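Below is one structure, written out as structure tokens; comments come after it.
Every chain is numbered from 1, with letters handed out A, B, ... down the list of sequences. In this text the structure is predicted, and so the values were computed from the model without any measurement.
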Amino acid sequence: MIKAILIFNNHGKPRLSKFYEHYNEDTEQQIIRETFHLVSKRDENVCNFLEGGMLIGGSENRLIYRHYATLYFVFCVDSSESELGILDLIQVFVETLDKCFENVCELDLIFHVDKVHNILAEMVMGGMVLETNMNEIIIQVDAQNKMEKSETFIFQSPRQDR
Amino acid sequence: MSDVVEKTLSALPSLLSLDSQAGPGKLSSSSKLGNLIKGITELTSKHEEEKLIKKELASLKEQVASPNTTMRQMKEIMVRAIYCEMLGYQASFSYIHAIKLAQQGSVLEKRVGYLAVSLFLKETDEFLLLLVNTVLKDLQSTNLIEVCMALTVVSQMFPKDMIPAILPVVEEKLTHPKEIIRRKAVLALYKFYLIAPNQVQHIHSKFRKALCDKDPGVMTASLHIYLQLIKESPESYKDLTGSMVTILRQVVGGKLPLDFNYHSVPAPWLQIQLLRILAYLGKEDQGTSEVMYDVLEESLRRAEMNHNITYAILYECVKTIYTVHPKSQLLEKAAECIGNFVLSPKINLKYLGLKALTYVVQQDANLALPHQITIIECLDHSDVIIKRETLELLFRITNAQNVTVIVEKMLEFLRLTSDDYSTIDLVGKVAELAEKYAPDNVWFIQTMNSVFSLGGDVMQPDIPNNFLRLLAEGVDSVEDRQLRLFAVDSYVSLLQGETAKLPQRFLQVISWVLGEYSYLREEDSDPGSVMRLLARLLDQRHTSTETRSWVLGAMTKLCSSPVSVALARDVCERYSGSLNTVLRQRAQELMILSQDTKLRASVLPAEGRLESLEVDSSLSFLDGYVSEALAAGAAPYKSPHQRQEELVQEKALSLEPYGLSLPVSLSSCSITDRLTDRQSPTLLSMSSGLSGNSTELSHKEGSTALKLDGVKRVWGKDGYLAQQQSAGETPIPQVELPSPLLSPQSPPSQTQKPSSGPEPDQEKRQLASSLFVGLGSHNSVCLMGRAEPAPRHFRRKPRGESSSGASEGSSDSSHSSRSAAVDNLLLSNLLDTTTVASEGGAATTTLQQTSQRTLDHTTSNGSPHVEGTEQRVEAGGPLSLIRGNGMVAVVPPTHTRTDPQTQPDLHPAPALERPRDLPLTSHLPAELSGLARSELTTLCSDHDPSLALSACRVYKEDALVLLVFISNNTDSTLHQMALQLTCKELEISCISGSPLKEVKGHSVSVCLHTVVMKRASVQVELAGLLSYQRPLGQPQAAQFSLSLSLKHFLRPLTVSTGDYGKMWLSFSHDLKQNLRLVTTEHQEPLTATLDALKGKLHLHIVDVIGSEGIVACRLLQGQGQGQPCLLHCRVHADSLAVWLRSPVPELPDSLLYHCQKALTET
């Protein structure tokens, strides 16, 4: 099971945090800080796996992360997930973001936190991998976006009338 | 432009701008979120950010509270709130509005509402209950997107109790025509299964349907459930093996639609999932495993594409192959695969290769051999994670031959790491290896030194505990002495150096070892040297309080020579004024023991390290002190719990209805008499250390409603001890250190640093040969064929079974308690309530530690000398060993207490054996010694001159205790003793735990019985029969009789005048009589008469008003408080008119008889 998904930038500023297990607010913030601390001091040419974050649960759990330009994508998972599988899942996630935002950058994540969450929700549901196919994910997200656009359209019509 | 539109627009400026700028890249800086983010990015300090966010939150709060805020604005506000929350600032005011948004918004707003809810709220939040109806409504919606949102939020978090409310609807979704809905419903149900397995029991058949769903996506989702279920009980799902194999075969064979391909690998995540399930199914099951061999082989074969995800499948495949019943052909292929991983230049694959190796070497250590060089290289890898994994692998292949090299590698890593997690983990491993495989003492001690200095204060506490136990237990052989001596020597040299960097835990270990074993090195140096080192340690600023108390404990053991005594005096002077009570305590002990050599020798015998000690947790040796203090006017101790209760009772007093006031007032009256309450040492020796349950005990045995918490609780958990504990547990800051003692100890034949040598390859080979020696000794791959000597295990004995040869005569229980005790060594303060009572292998559970001699047990009572004396007395008497269970261990020095109302708990004390020259009263059990008692009456001594029987009554608060002393005046032992007491008017119960069986020559046994009346009668006859057998004689019997009068069963009844009045009215049986007045010179006739009655009959004078007096008493009858009787006395002419009332018919009559008799006798 995936315990948490964290995205933060090179300075440790959180860009997205999604916890699939219950932690209290302070612990969540501590986890983010500790994870950043662990991940950020790793070189580029080392493996993408980390063990032993104290907060998020000892030897059972591992951190699997990828570093893209200014952002770290970190998945904290328990032993029932495949390391390499998750590593590719991160890739799928980022590719999907890239598709949805057309050349995704850090700012997209900042300004459209809700959208990123919605995309994530189509991939991972309650800590379980729901969909790994980028096209499927995009279809689902698009279906929602269409609805969003149609609503916006209705709302925007009067403005166009003025 | 109309006004209406104008207004609308002005109300929603931000939203419009945000929405119109939804396209990627075109980020609006005019939106409020944009402003906020812009503001934040411009900030330089955390403090400024805080200020800005606070301001933002305040404005958000204002907006959400405003009634004019529309749902659309609310949506925008939520996004901002989400942002603030992500940065770690609470926006709790918005939670309820998030729910509202989810409830009332349009689909779009609802989505943000749900998102905010799932980010803000936790499963336990009560707000979630407000969401249940919304979720239910959305689940039933015809809009698929709403259904999806509801399912998503449900699987993120849902209150456990509310699952039944939505379960049927979610279940329904399993048959929904849309695949995505079915898929989400399956995952939602899986989540329910994780939260509340029982509630989804009934839908297991539906899970099977999901597994067979025509859509592979739904099937994939259902595998989540099956992975979990099969992991929990593989047996119940063996029938699925065939299906799983078929599915995997189809997937591997490319039968799925191309949509499922990822980098042209068919559904890799699905394959991984299936392989895991197969591993669980085939584990230790040959039949099931055989079904899957083919498909596993196919998976291996097909997964040869050179992409990351194929390695994921391969890795999973290899693990499965090594988990299921082995098939050699597959194993070979898997091993080859592992080789590819390990040798891969890709670091992720190398990591997984090492992980796979770690997994497989547990089955076959030889699998590591082909990769020796790679493993050596990984040891020096730049990535710590790789290094750690390599050490983990080495840990698994450690044996007696390579242990030194491997441990050295681990310590090397430890010295460099600053990560607590790795430190704790590795330190534990090193300690384990050292214990298991240590080649010699020197190495062992040095390794453990490193462990302690590196592990510092983060390591698991059982490491020092095990180490100390290892040192302490074992035969006193030369080998053990050497080990100890070496430890002592190495610690002395450590203390001579810089100690500031040594962790506190290590210092504690050092103190204990030095205290315990310094005597081993006495021949070569002056006796004060260790003492001086300890004193120096004591003075250092970085030494924690807890460590100081260990040091003081060690000094107490060492202060034998004059030099040491002088040093000790110095130390005591400084610490006896310490603000810390524990230190003060230790200092006092040190002071007393250093001045009294004899006492010290008896308390801390040099050779008596491991004899188990018995514990008198009742602290009966303090009775004298307590009674003195009480006599001097000290208030009796009440535990906080008790005080609380009394407070409640006192408050309740005025509110209680009349009928209940009797027991209440009784208990409140007896509070003052509780000072000598004490529980039987026997019982307490069981409960010592768990002092919290003393209340329970008193509840159990108290036949009255009184709380019998005794003096013991002074030192109980709630009181002093708790304080001490907290003092002892002060956190010690971790000290990171490169320690001076960590001089790497290189094994003789290897070089350690590959970089230094001219021929690195050669060195690696050498290292490899030392690392992998002992693995597959007949294998030619082993680089350096070394003959394998028989492994020498440092630990000679498995744990727990310790040193049975060493302490002959000590029972099994003392063994176990001892080892348990050493486990607690570092928690020594826990045991402070325990007290030494006597030696010997009695079966009573003793809670003692190896550090018994450290006087831990005495710290709480502060008078070691009392205890020491007692111990000497116990050890001195040849007959003092006490047999049987439920024995009383200690007869305290005679206490002259006259308070008749003391109320101890009575506990078995059947067979006390004493030298006969003591007076019989000295055989009184400790808990009765403080009570009023009658003179001894001799019973039928004429029957057999060699056997004397005497009886004595002890007036306990809730019963009359009858003691029968059986003195055997001959040399021979009496066997098969049995004492029977019968009387139809009395209820007699024997309170001896075990019937007495024998009385040794010239000794005395005591039988205790509690006696209460069945019905009130003036006088009763008690018949007794004692049967016994002399050696080589016939069974004999001695009969006797004893008369008991009503007055022996009367106890004062303390009630207030008001209560008396109420009671008086409610009692139905009354009697009036005129009695003779007592006349004395000094007193009023009424007072004199009442005093006489009080003295003889234990009545309580409630009040005297003019010529009238009211008196109350109770009769011990049956269980409980007894029956009250009230007397109203009025002086009338020359006589006293007495009016008796009681709820019991016979009582007034009988009591009146005794009143008459008492007054006539005066």
Q.
At a heavy-atom distance under 4.5 Å, which candidate from A:Gln91, A:Met134, A:Glu81 has the highest pair count against chain B?
A. A:Glu81
Q: Below 4.5 Å from any heavy atom of chain A, which atoms of B:Tyr315 appear? Answer side chain, backbone, both or neither.
A: side chain
Q) Does a side-chain N-to-carboxylate-O contact under 4.0 Å join A:Glu21 and B:Lys122? A) no
Q: Against chain A, label B:Leu352 side chain, backbone, both or neither, depending on which of its atoms sit under 4.5 Å from a heavy atom there.
A: side chain
Q.
Under 4.5 Å from any heavy atom of chain B, what part of A:Gln140 do you find: side chain, backbone, both or neither?
A. side chain
Q: Identify which part of B:Glu49 has an atom lying under 4.5 Å from any heavy atom of chain A, answering side chain, backbone, both or neither.
A: side chain
Q) Charged N to carboxylate O below 4.0 Å: is that the case for A:Glu51 and B:Lys355? A) yes
Q) So, do B:Asn348 and A:Glu83 sit near enough that their side-chain heavy atoms are less than 4.5 Å apart? A) no
Q) Among A:Glu28, A:Met128, A:Lys13, which residue forms the greatest number of heavy-atom pairs with chain B at distances under 4.5 Å? A) A:Met128
Q | Residue B:Ile313 versus chain A: region with a heavy atom under 4.5 Å | A | neither
Q. So which part of B:Ile385 gets closer than 4.5 Å to some heavy atom of chain A, the side chain, the backbone, both or neither?
A. both
Q: Please look at A:Asp26 and chain B and tell me whether the side chain, the backbone, both or neither of the residue comes under 4.5 angstrom of a heavy atom of that chain.
A: neither
Q | Side chain B:Gln90, main chain A:Glu25, donor-acceptor under 3.5 Å | A | no
Q. Is the backbone of B:Asp259 close enough, under 3.5 Å, to the side chain of A:Asn133 for a donor and an acceptor to pair up by distance?
A. yes
Q.
Heavy-atom pairs under 4.5 Å with chain A - which of B:Lys191, B:Gln156, B:Arg276 has more of them than the others?
A. B:Arg276
(Q) With a 4.5 angstrom heavy-atom cut-off, is it the side chain or the backbone of B:Leu87 that approaches chain A, or both, or neither? (A) both
Q) Less than 4.5 Å apart, any side-chain heavy atom of A:Met125 and any of B:Arg183? A) no
**Q.** Pick from A:Ile32, A:Val113, A:Asn135, A:Ile110 with the largest number of heavy-atom pairs that fall under 4.5 Å of chain B
**A.** A:Ile110
Q | Carboxylate-amine/guanidinium proximity below 4.0 Å for A:Asp114 and B:Arg111 | A | no
Q.
Please rank B:Lys350, B:Gln228, B:Met78, B:Glu85 by heavy-atom pairs under 4.5 Å with chain A and give me the top one.
A. B:Glu85
Q.
If we count only N and O atoms by modelled type, under 3.5 Å, do the side chains of B:Tyr262 and A:Asp88 hold a donor and an acceptor together?
A. yes
Q) Does the side chain of B:Phe260 reach to within under 4.5 Å of the side chain of A:Glu136, using non-hydrogen atoms? A) no
Q | Segment of B:Asn261 engaging chain A (4.5 angstrom heavy-atom cut-off) | A | neither
Q) By a 4.5 Å heavy-atom criterion (distance strictly below it), what part of A:Met1 contacts chain B: side chain, backbone, both, or neither? A) side chain
